[in-house]
Undergrad: 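Shown below is the structure under consideration.
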Amino acid sequence: MENKLSNIKTDIEDYASDSKLTELEVLDKLKDYYFNKKVNENLKLYKKGKRKVSEITKDLKISPRKFYAILNKKKINYTKYNKNKDES
């Protein structure tokens, strides 16, 4: 495990030196890539009705508001619930 980790470290350092980015910038890009990959997998399941919003937000460690913002950004329809009911 430690040997594999050292290989990854050297690969990141090599890529950072070739691309003129810092190691942290490379890691941020990798984090964004894998987060988006995970979001897209969960969105497919959400569209099919196999995953609920609460399960997805717990898995991705984001707030439901942020998840609904992602749905709006990707133009995916969802049901909006009105918490403030008029009783008139």
Side-chain angles (χ1 to χ4, degrees):
M1 176 71 176
E2 189 173 314
N3 187 21
K4 292 179 184 179
L5 186 59
S6 63
N7 290 342
I8 292 171
K9 288 179 187 177
T10 57
D11 288 342
I12 290 174
E13 289 170 355
D14 291 342
Y15 181 78
S17 64
D18 291 343
S19 64
K20 298 180 183 175
L21 296 172
T22 65
E23 287 87 0
L24 290 177
E25 290 172 335
V26 172
L27 289 177
D28 285 339
K29 288 186 180 198
L30 286 172
K31 181 181 174 187
D32 291 340
Y33 170 76
Y34 284 109
F35 178 76
N36 288 332
K37 184 177 176 181
K38 190 79 167 173
V39 165
N40 289 334
E41 290 172 5
N42 283 309
L43 285 178
K44 288 178 186 176
L45 295 173
Y46 177 76
K47 286 181 190 177
K48 293 178 183 177
K50 295 185 178 184
R51 298 255 350 230
K52 294 181 181 179
V53 174
S54 61
E55 295 170 346
I56 294 171
T57 56
K58 188 181 284 185
D59 185 36
L60 296 175
K61 298 177 184 165
I62 59 173
S63 68
R65 182 177 285 177
K66 188 170 183 179
F67 181 71
Y68 287 122
I70 292 170
L71 290 176
N72 282 334
K73 184 178 175 184
K74 299 210 180 236
K75 299 178 182 173
I76 297 173
N77 294 329
Y78 61 92
T79 305
K80 294 181 182 179
Y81 296 102
N82 188 4
K83 290 184 178 181
N84 300 327
K85 295 181 181 179
D86 276 339
E87 296 183 18
S88 51

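Bear in mind the structure is a predicted one, so any value in this text is a computation, not a measurement.
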Undergrad: Is any side-chain heavy atom of Ile62 less than 4.5 Å from a side-chain heavy atom of Val39?
TA: no
Undergrad: If two hydrophobic side chains count as joined below 4.5 Å and joins carry through other members, does Ile8 share a cluster with Leu30?
TA: yes
Undergrad: Quick check: do Leu43 and Ile56 have side-chain heavy atoms less than 4.5 Å from each other?
TA: no
Undergrad: Using the side-chain hydrogen bond (donor to acceptor under 3.5 Å, both in side chains) rule, collect all pairs that involve residues 31-44, keeping only residues at least two apart or in two chains.
TA: Asn40-Lys74, Asn42-Arg51
Undergrad: Is there a path from Leu45 to Leu71 through hydrophobic residues (I, L, V, M, F, W, Y) whose side chains come within less than 4.5 Å of each other?
TA: no
Undergrad: Taking atom OG of Ser54 and atom CG of Asp59, what is their separation to the nearest 0.5 Å?
TA: 11.0 Å
Undergrad: Looking at OG of Ser19 and CG of Asp14, how far apart are the two atoms once the value is rounded to the nearest 0.5 Å?
TA: 10.5 Å
Undergrad: With rounding to the nearest 0.5 Å, note down the distance linking OH in Tyr15 to CD in Glu25.
TA: 11.0 Å
Undergrad: Any side-chain heavy atom of Lys29 sitting closer than 4.5 Å to one from Leu21?
TA: yes
Undergrad: About how many Å separate OG1 of Thr57 and CD of Glu55, when rounded to the nearest 0.5 Å?
TA: 9.0 Å
Undergrad: Let me confirm one number: the CD1-CG distance from Ile12 to Leu24, rounded to the nearest 0.5 Å.
TA: 10.0 Å
Undergrad: For atom CG of Asn77, decide whether the heavy atoms of other residues, nucleotides or ligands shown that lie under 6.0 angstrom number more than 12.
TA: no
Undergrad: Once ring pair (Phe, Tyr, Trp, His ring centres under 6.0 Å) is applied, do any residues pair with Tyr78, and if so which ones, sequence neighbours excluded?
TA: Tyr68
